[in-house]
Amino acid sequence: VQLQASGGGLVQAGGSLRPSCAASGRTLSSYVMGWFRQAPGKERELVVAISVSGRSAYYEDSVKGRFTISRDNAKNTMHLQMNSLKPEDTAVYYCAAGGYYRGSSTSFDYWGQGTLVTVSS
């Protein structure tokens with residue numbers, strides 16, 4: 001499966017963005033999906049993950065209550081609604097797909113290119 005992330009950009013603190021991840025090659029409906037981010041000088045971290053059914057989701061503590069992951073299997077896309085953005089959310093965000101949902105320990109096999117999110121103070 002090939003993944004294409006889009007929808008990043010520059011926003012002021014407190015604003016919102018809604019990056020998307022589109023898949024091609026195979027349907028997303030059978031994959032666990034997630035978003036990682038990597039800030040300058042930091043390691044890549046898992047931000048959110050959602051199970052195949054969409055009934056289970058993991059959120060990293062710093063984004064709980066502000067970010068919402070959703071999937072539209074019919075359109076083969078996934079979205080990340082990002083509200084109340086903070087300067088510390090600035091990073092390259094990567095979407096990913098995998099086979100087994102395990103919350104914060106979910107593993108991923110496929111990666112899209114990143115989309116840059118910049119939050120100004």
Side-chain angles (χ1 to χ4, degrees):
V1 61
Q2 291 79 45
L3 303 174
Q4 179 79 30
S6 62
L10 173 63
V11 64
Q12 288 187 331
S16 298
L17 284 172
R18 190 173 184 248
S20 298
C21 181
S24 60
R26 297 190 70 178
T27 178
L28 282 183
S29 62
S30 58
Y31 290 98
V32 174
M33 300 298 297
W35 288 90
F36 285 76
R37 67 184 179 187
Q38 187 165 21
K42 295 187 177 181
E43 293 188 354
R44 186 177 60 188
E45 64 175 347
L46 177 62
V47 179
V48 298
I50 188 167
S51 64
V52 170
S53 68
R55 287 192 290 267
S56 297
Y58 160 79
Y59 292 90
E60 194 272 329
D61 285 346
S62 69
V63 307
K64 285 180 180 177
R66 300 188 298 121
F67 290 12
T68 303
I69 188 172
S70 62
R71 61 190 303 158
D72 187 338
N73 289 337
K75 294 183 179 180
N76 232 23
T77 58
M78 173 182 66
H79 304 284
L80 181 63
Q81 181 66 46
M82 308 165 68
N83 297 329
S84 302
L85 283 162
K86 304 175 181 180
E88 51 263 43
D89 294 318
T90 296
V92 178
Y93 284 72
Y94 299 89
C95 59
Y100 300 97
Y101 177 78
R102 297 190 181 96
S104 61
S105 300
T106 299
S107 61
F108 294 88
D109 304 304
Y110 303 97
W111 299 84
Q113 92 297 349
T115 186
L116 177 62
V117 171
T118 303
V119 184
S120 63
S121 57

Exercise. Minimum heavy-atom separation for Gly8 to Thr115, with atom names?
Worked result: N-OG1, 3.0 Å
For this session: Answer with yes or no whether the hydrophobic clustering places Val117 together with Leu3; edges join I, L, V, M, F, W, Y residues whose side-chain heavy atoms lie under 4.5 Å apart.
Result: yes
Problem set entry | For Ser62 against Arg66, the heavy-atom pair lying closest together | O-NH2, 2.8 Å
Problem set entry | Gly15 versus Val11, closest heavy-atom pair with distance | CA-CG2, 3.7 Å
For this session: Over all heavy atoms of both residues, which pair between Gln113 and Ala5 is shortest? Give the atoms and the distance, please.
Result: NE2-O, 2.7 Å
Problem set entry | Cluster link Tyr94 to Val1, ILVMFWY, side chain under 4.5 Å | no
Exercise. So which heavy atom on Val32 is nearest to which on Arg71, and how close?
Worked result: CA-NH1, 4.2 Å
Exercise. How would you list all residue pairs meeting disulfide bond (SG atoms under 2.5 Å apart) that involve residues 22-77, not counting sequence neighbours?
Worked result: none
For this session: Give the other cluster members for Leu10, using side-chain heavy-atom distances under 4.5 Å between Ile, Leu, Val, Met, Phe, Trp and Tyr residues; answer none if it is isolated.
Result: none
Problem set entry | Hphob cluster co-occupancy, Val63 + Tyr93, side-chain heavy atoms under 4.5 angstrom | yes
Name each donor-acceptor pair under 3.5 Å that joins a side chain in residues 39-50 to protein atoms two or more places apart or in another chain, with its distance.
{"unit_1": "Glu45", "atom_1": "OE2", "unit_2": "Arg37", "atom_2": "NE", "d": "2.7"}
{"unit_1": "Glu45", "atom_1": "OE2", "unit_2": "Arg37", "atom_2": "NH2", "d": "3.2"}

Exercise. To the nearest 0.5 Å, what is the distance between OG (Ser121) and CD (Gln12)?
Worked result: 9.5 Å
Seminar exercise, completed: For residues 3-104, the disulfide bond (SG atoms under 2.5 Å apart) pairs (sequence neighbours left out) are Cys21-Cys95
For this session: Provide the full list of ring pair (Phe, Tyr, Trp, His ring centres under 6.0 Å) pairs with a residue in residues 16-66, sequence neighbours left out, each pair given once.
Result: Tyr31-Tyr110, Phe36-Phe108, Phe36-Trp111
For residues 77-86, please give each side-chain donor-acceptor pair under 3.5 Å, one per line with the distance, not counting sequence neighbours.
{"unit_1": "His79", "atom_1": "ND1", "unit_2": "Ser20", "atom_2": "OG", "d": "2.8"}
{"unit_1": "Gln81", "atom_1": "NE2", "unit_2": "Asn83", "atom_2": "OD1", "d": "2.8"}
{"unit_1": "Asn83", "atom_1": "OD1", "unit_2": "Ser16", "atom_2": "OG", "d": "2.9"}

